[in-house]
2 protein chains.
Amino acid sequence: MTAQRKLILKVINDTCEHMNAEQIYMAAKAEMPGIAMATVYNNLKYLSDNDYIRKIGVSDGADFYDRNIIPHDHAICDKCGGIADINPGGIREALEKSIGSKVTHYDLNVHYICPGCRTW
Amino acid sequence: MTAQRKLILKVINDTCEHMNAEQIYMAAKAEMPGIAMATVYNNLKYLSDNDYIRKIGVSDGADFYDRNIIPHDHAICDKCGGIADINPGGIREALEKSIGSKVTHYDLNVHYICPGCRTW
DNA sequence: ATTAGATTTAGAATTGTTCCAAATTCTTTA
DNA sequence: TAAAGAATTTGGAACAATTCTAAATCTAAT
């Protein structure tokens, strides 16, 4: 664990959930001005490969990183872009039944209008 | 419907499902050598916006395009990268129950080892 | 203290996609 | 059916996110 790696993990754990690489880089830079973007990517890879954090792939835009490694899915607001954790039950079972074999993992991102953005 | 647009739609309908922009470009180029990549992207956007085809966002790599616009999800083999359509039931209901509101849409990509790649 | 291996850094390179402006081609409608 | 306006095509530049590279530096175990 180098100082950089420790800092990046701290940033992810202390700052808000669901930050992307750029945001993590900025937050880390505030404490360690010389840190390089490549170091952030290197460590995000290391940390997610080793289950310290979870990388969430997003098809249209930057991936984000989640300090919560307990399996859960994400609901993304179409208006504000805010991301909320969700825990719908029975998904994995439905998928395994459907494909007839074990699922190694799955990505499920739901789009909706969050309560704050709803107008009625 | 310009000749280019017709060709691109034909390529998607006649060639294999789940092609990415590059593959569609190559197939179109074979019949119309002067066609531009930008035209392919323009038309993929037009065709998916108008429900002729469906765009499938992939977080790590090129998006692909599906001629099947009936809602369904995708199972991606971790070994060969092959993509299969799946139709697990009850997902939308589980999601709406979980977030407590309507889902505008959702992306669900399952990773697994396909029958062809399985060794036991 | 030495040395092999891991990590950091800055910047270049890559990939997939979008943007741009000019040229061309469709589509009205007079 | 010709002129005007709208949409589309083209090639290339621009872009964003990420990965790669190679040299410098650090770390850990002898």
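What's counted below: heavy atoms across the whole structure, side chains too, no hydrogens, waters or symmetry copies. Since this is a predicted model, take the numbers as computed values, not measurements. Chain identifiers are assigned alphabetically (A, B, ...) following the order of the sequence lines, protein sequences preceding nucleic acid strands; residue numbering begins at 1 within each chain.
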Whole angstrom value for the distance that separates [atom2] of [N] from [atom1] of [X]:
X     : N      : atom1 : atom2 : result
A/K55 : D/dT19 : NZ    : C1'   : 10 Å
A/N42 : D/dT21 : CG    : P     : 13 Å
B/I35 : C/dA23 : CD1   : P     : 21 Å
A/D60 : C/dT18 : CG    : C1'   : 13 Å
B/E22 : C/dT15 : CD    : P     : 10 Å
B/L7  : D/dT9  : CG    : P     : 11 Å
B/M1  : D/dT8  : CE    : C1'   : 13 Å
A/Y25 : D/dA17 : OH    : P     : 14 Å

Per atom distances to the A/R5 side chain, the nearest of C/dG11, C/dT8, D/dG11 is C/dT8
Quick one: which of D/dT18, C/dT9, C/dT17 gets closest to the side chain of B/D63?
->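 Of the candidates, C/dT17 comes closest.
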Only one of A/Y41, A/F64, A/Y65 passes side-chain contact (heavy atoms from CB on, under 4.5 Å) with A/I24, and that residue is A/Y65
Between B/A3 and B/Y65, the residue closer to the 5' end of DNA chain C by nearest nucleotide is B/Y65
| query | Considering heavy-atom distances to DNA chain C, does A/G34 or B/N20 have its closest nucleotide positioned more toward the 5' end? | reply |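 Whichever sits nearer the 5' end wins; that is A/G34.
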Next on the checklist: Would you say A/D85 and A/H18 are linked by a side-chain donor-acceptor pair, where the criterion is simply a distance under 3.5 Å?
Outcome noted: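 Yes, a side-chain donor-acceptor pair sits under 3.5 Å.
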Base, sugar-phosphate or nothing for [X]? Non-hydrogen atoms, less than 4.0 Å.
X     : answer
A/T2  : sugar-phosphate
B/A62 : sugar-phosphate
B/N43 : sugar-phosphate

| message | It should be established whether A/Y41 places a side-chain nitrogen or oxygen under 4.0 Å from OP1 or OP2 of nucleotide D/dT19. | response |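 Answer no for this pair, as no side-chain N or O of A/Y41 is under 4.0 Å from OP1 or OP2.
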query = For C/dT9, does OP1 or OP2 lie under 4.0 Å from any side-chain N or O of A/Q4?
reply = yes
Review point. Are A/V40 and A/M26 connected in the hydrophobic side-chain network, where two residues link if heavy atoms are under 4.5 Å apart?
Key: yes
Besides A/I99, the hydrophobic cluster formed by Ile, Leu, Val, Met, Phe, Trp and Tyr side chains linked at under 4.5 Å, directly or via other members, contains A/I86, A/I91, A/L95, A/V103, A/Y106, A/L108, A/V110, A/Y112, B/I86, B/I91, B/L95, B/I99, B/V103, B/Y106, B/L108, B/V110, B/Y112
May I have the list of side-chain donor-acceptor pairs in residues 51-60 of chain B shorter than 3.5 Å, sequence neighbours left out?
residue: B/R54; atom: NH1; partner: B/H72; partner atom: O; Å: 2.9
residue: B/R54; atom: NH2; partner: B/H72; partner atom: O; Å: 3.2

